[in-house]
Amino acid sequence: MKRRDFFVKGALGVVATSLLPVVASAAPSIINTNMSDRSKDKWLQVGSGKRGIPNREQIIDVDILVIGAGMAGISAAVSAARHGAKTLLIQDRPVLGGNASSEMRVTVNGAPQERETGIIEEILIENWVYNKQESYPVWDHVLYNYITRQPNLKLMLNTQAIDAVMDGDKIKSAICWGLTNETEYTINASQFIDCSGDGLLAAIAGAEYRTGREGKDEFNESYAPDQPDGWTMGECIMMITKDMGRPMPFKAPDYALPFDYETAFKDKHRRLKQLKEGFWWIEVCDDYDIIAKREDTRHKLMAYFYGVWDYIKNSGNHPEADNLALDWIGSIPGRRESRRFMSDYILTQNDILKNPHFEDAIGFGGWSLDEHNPGGIENLSEPASYFHQKSKEIYEVPYGILYSKNIENLSFAGRNASLTHIALSSTRIISTCALMGQAVGTGAAICLQKGINPRELRKKHMDELQEQLLRDDVFIPNRPAVDTNDLAKKADEIMGSSTVSGNSKFLIDGVSRDRGEEIHHWESNGLDAELQLEWKKPVKISRVELKGDTNVLRKIMMHKNPQKNIQQKQILDVPPELIKTATVEARVRGQWVEVAKIEENITRLIKTSFDQVKTTAIRVKLKETWGYKNAKLFEIRCYS
Amino acid sequence: MIFIKLRNIALFLCLLLPFNKLVAADITLSSQSEKVHQVIYKHPAQKDSSQMNQTLFETPDKAFYMDVVSVYCFADVCKIDTVRIYWNDIGKYQKFELKPGINLEKAKGEVFTAPDYKKLQLILKDENSPFKNISIDNIISTQQTEYGDIDAFSGATAINLDESVSIKGAVLTVYTLWHWANGGLVSMIRKITADAANSMDLIDYLANKDVEHKLFAIEQLTKRKAYDALLLESVKSQYGVESQKLKRSVISYLENAPEEVYINAIMDLFDSDNSKQRIDCLQSLIVSDTHLTVDLYQKLYRQLCHQKTYHEVDLLFTLLEKNTTFSDEQIDPLFIFLTNSNILISRRAYWFLENKNINKRQEKILKEFLKKNSEYL
């Protein structure tokens with residue numbers, strides 16, 4: 001195979017890489033096993049009586065390959081496919097969701113100030129249709145359903161990208177291994193998006209990356225350590241308990257490590273405030289190469305976890321745990337940090353706290369600088385996390401951190417974006433990563449259409465990318481939509497039923513959510529409300545798109561402990577404000593004609609398409625919501 | 001549930017002071033004759049139902065107050081003070097008072113500062129504070145956030161409270177007091193006042209400069225289905241006040257009236273040179289599915305020459321489209337719109353008229369319009 005041409009370094013190369021400075025190119029691959037070589041295979045297929053050699057090689061051609069199907073990768077793949085790119089999403093686990101999957105059960109948190117919209121919101125709302133019980137295994141399959149029904153998108157689970165075939169500074173192919181079907185895939189693509197977290201493909205391709213903590217001088221980060229070091233934030237496993245209604249004994253496994261609770265409890269973060277869903281401070285880190293230590297870390301986490309549970313059950317200090325038993329415990333640690341790939345821009349602490357405006361903003365974040373203890377539970381002398389500070393407002397995330405600075409056709413989303421360690425402590429939150437995913441997926445599709453790469457996209461076509469993201473219901477702070485193709489903006493009159501708040505004219509102001517006291521919506525007084533746009537001269541329209549209300553100030557995530565959402569009176573359903581039933585009518589030669597019907601809608605972005613009509617007016621009849629008494633919209637768009 | 005009894009009270013022997021005057025010289029003694037209402041209200045932060053019985057005092061000048069606990073604290077480590085909360089006659093929070101020498105406390109025993117009290121007052125005045133729709137569990141999580149005990153991984157679910165809507169280190173206190181000031185007690189006070197008010201009292205409320213009092217009166221009159229002439233006129237006159245909420249309330253009051261009363265009243269309002277007012281009336285007529293009588297036509301047509309905006313013309317035609325047959329007297333006046341310089345208006349009229357039973361002269365006018373404006377049709 002041609003890729004072997006690139007495999008020229010052996011053991012010496014490996015030794016050399018271990019001494020690399022913080023900014024490093026990936027280690028050259030030493031994989032040369034030719035896994036698909038089955039020439040010694042002695043297969044007798046008794047049914048046919050034939051001997052043969054199984055075919056364990058496949059070549060797949062796609063436009064865009066997305067590696068990693070956490071929420072960032074899912075968002076990237078779906079957005080790329082929706083914009084016409086033939087897209088393949090591969091995931092090295094049997095389930096989708098990454099850290100958010102049933103294997104790890106990290107809550108899909110986002111900016112606490114206001115919620116993300118776009119693909120991540122679509123998924124979270126859809127989950128309430130299929131999975132009101134908040135079951136994580138069911139959530140996996142909600143994601144599976146969501147992905148597999150998307151046109152242009154193919155999914156391959158249990159498939160890991162293990163090598164790259166390069167053409168200069170471009171990736172030509174990803175070599176992938178099917179964990180369950182012994183198959184080696186050569187996947188050819190024009191654009192590659194690595195959302196795998198650890199970024200093995202990107203690293204092997206030679207994309208520059210960092211691990212460890214920058215010193216405070218490099219980017220003037222006050223929360224960074226005085227001197228750079230190798231620490232990364234650690235990994236956790238979670239658990240769920242159940243009350244058996246009778247005393248339940250617990251015998252710790254042999255490998256459990258004793259819990260030094262007296263020292264641990266000196267830190268206010270390390271407390272047992274609940275016994276239902278795991279303890280985030282049972283965390284194990286590494287100060288050199290957290291990826292290499294993965295299996296050691298998993299073992300340690302299990303050992304520490306069972307040690308803590310042994311203390312809870314058998315110390316006599318927690319009689320409230322007498323009837324509790326472990327119902328589920330993770331076997332795959334959820335990882336907060338590993339490689340951070342370098343792009344043309346590196347997001348820093350100051351970008352998060354001072355919130356500058358980025359001309360290439362593609363989304364936002366808002367989580368605090370939540371930097372975990374170097375050492376985790378093995379370093380009880382420091383707090384479990386520092387929770388340094390949070391941005392008062394949501395901060396802008398730029399596209400300039402989402403592609404490789406030295407591999408031309410490679411983008412990133414999620415924790416492997418171009419960030420300092422301190423910045424990552426905020427951006428690592430799942431919904432923030434998903435916004436990055438939607439941006440790079442959309443960006444890659446535009447790159448494909450134009451025959452360019454992400455850097456050129458950033459330089460010359462950012463407006464186009466931003467406009468598309470805004471149209472697809474991503475909120476970009478300080479960047480109103482000004483899509484010149486949107487005929488609603490050119491309407492000579494926009495009017496609606498009587499209102500309780502807002503104004504129908506706000507629906508074309510380009511801002512799709514309220515900004516504090518600044519209103520950008522139209523809310524009818526009751527239902528069977530109508531909205532009408534008029535043009536003096538007839539226009540041709542085949543698409544009408546609405547943005548409804550899902551109350552972005554309210555939480556809508558499921559939780560591994562459903563009782564928590566019940567206690568907090570979270571709405572465990574489709575947001576009641578959302579439009580459920582509506583029709584779109586066009587006036588053709590003075591007569592209203594129904595051109596689209598919206599039924600059982602569960603998305604904030606409501607898209608309709610129909611045979612193009614030449615019309616002088618569009619009328620939307622908003623008939624039903626999921627429970628709220630009024631119809632509330634934030635945007636209407638019309639396209640030819 | 002409310003129980004009322006009258007008593008002479010040398011009230012609250014412990015002396016109370018306005019929050020911003022915590023000095024001994026300002027002591028005042030309450031010894032008025034007041035009504036006492038025993039009410040049952042479960043504060044959302046209460047752990048159980050054992051503390052639901054509350055005493056609500058009504059002063060002779062129709063204000064209300066109650067002495068409440070400053071905080072429901074789940075960890076049982078908070079300092080609990082008594083706070084007196086004041087409302088006006090329609091349940092709008094006014095102020096709070098503390099006993100002399102008593103200070104509310106924040107985390108770690110730190111006392112409220114003067115700016116904290118000022119901020120607390122602003123928060124309690126905000127009926128639509130974020131505290132309105134969040135449960136105590138969210139608040140407890142938020143408390144934890146302040147101390148950092150929450151994490152992205154394990155499922156942070158705390159709401160994010162902006163500093164402007166809460167007081168750092170005293171979220172539970174603010175939450176507790178906000179729900180005293182703006183929670184279920186408000187509707188109880190409104191009910192007490194409403195039950196005691198006769199029609200003349202409600203007319204007085206309508207005359208009050210405060211929009212909330214006017215809304216209160218209209219709400220009560222709507223509930224009572226009170227539409228005698230004096231009341232009707234008093235309510236209608238409120239439409240002129242610059243408040244969208246009040247205008248909506250007036251229209252809603254009229255929509256609940258008997259049909260004849262409604263039509264007369266809404267057409268009175270329609271007879272206006274204010275386009276927005278006419279739009280409100282037309283929207284109401286369309287929604288209320290009113291039968292289009294000859295009298296109604298006459299009243300509508302009186303305003304034809306004043307119809308200047310496309311929105312109201314469109315609504316007018318939408319209303320007229322409810323009829324299937326039209327007399328020549330009903331059709332002919334509408335031709336005036338064909339000459340309107342706004343093509344949206346003239347076009348709307350054209351499309352309305354083109355399918356009607358029209359005479360040759362009218363047909364000719366339509367043909368000329370079509371010829372002249374084909375690019376817009």
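Proteins get letters first, then strands, A, B, ... in listed order; numbering begins at 1 in each. Note that this is a predicted model, so its numbers are computed, not measured.
Contact of B:D314 with chain A is made through the side chain alone, with heavy-atom distances under 4.5 Å.
Enclosure of atom CZ in A:R589 is not indicated, since only 12 or fewer non-hydrogen atoms of other residues, nucleotides or ligands lie within 6.0 angstrom. The environment of NZ in A:K505 is crowded: more than 12 heavy-atom neighbours from other residues, nucleotides or ligands sit within 6.0 Å. For A:K536, the NZ atom counts as loosely surrounded, since its 6.0 Å shell holds 12 or fewer non-hydrogen atoms of other residues, nucleotides or ligands. No more than 12 heavy-atom neighbours from other residues, nucleotides or ligands sit within 6.0 angstrom of NZ on B:K367.
In this structure, A:E493 CD and B:T309 OG1 are separated by 7.5 Å, a value rounded to the nearest 0.5 Å. Distance check, rounded to the nearest 0.5 Å: CD of A:E530 to CD1 of B:I286 gives 8.0 Å. Summarising the geometry, atom OG belonging to A:S498 is positioned 12.0 Å from atom CG belonging to B:L282; distances are rounded to the nearest 0.5 Å. Atom CG of A:N525 sits about 9.0 Å away from atom CD of B:Q283, to the nearest 0.5 Å. Considering NZ of A:K537 and CD of B:E375, their distance stands at 4.0 Å, rounded to 0.5 Å. Atom OG of residue A:S501 and atom NZ of residue B:K245 lie 11.5 Å apart, to the nearest 0.5 angstrom.
A heavy-atom distance below 4.5 Å is found between the side chains of B:N355 and A:Q591. The side-chain heavy atoms of B:L377 and A:T616, taken from C-beta on, include no pair separated by under 4.5 Å.
Taking A:I430, A:V108, A:T499 one by one and counting their heavy-atom pairs under 4.5 Å with chain B, the maximum is reached by A:T499. Across A:R554, A:E114, A:Q567, A:Q532, the residue that shares the most heavy-atom pairs under 4.5 angstrom with chain B is A:Q567. Chosen from A:K569, A:K614, A:R587, the residue pairing most often with chain B at heavy-atom distances under 4.5 Å is A:R587.
A salt bridge links B:R347 with A:E534; the closest basic N to acidic carboxylate O contact falls under 4.0 Å.
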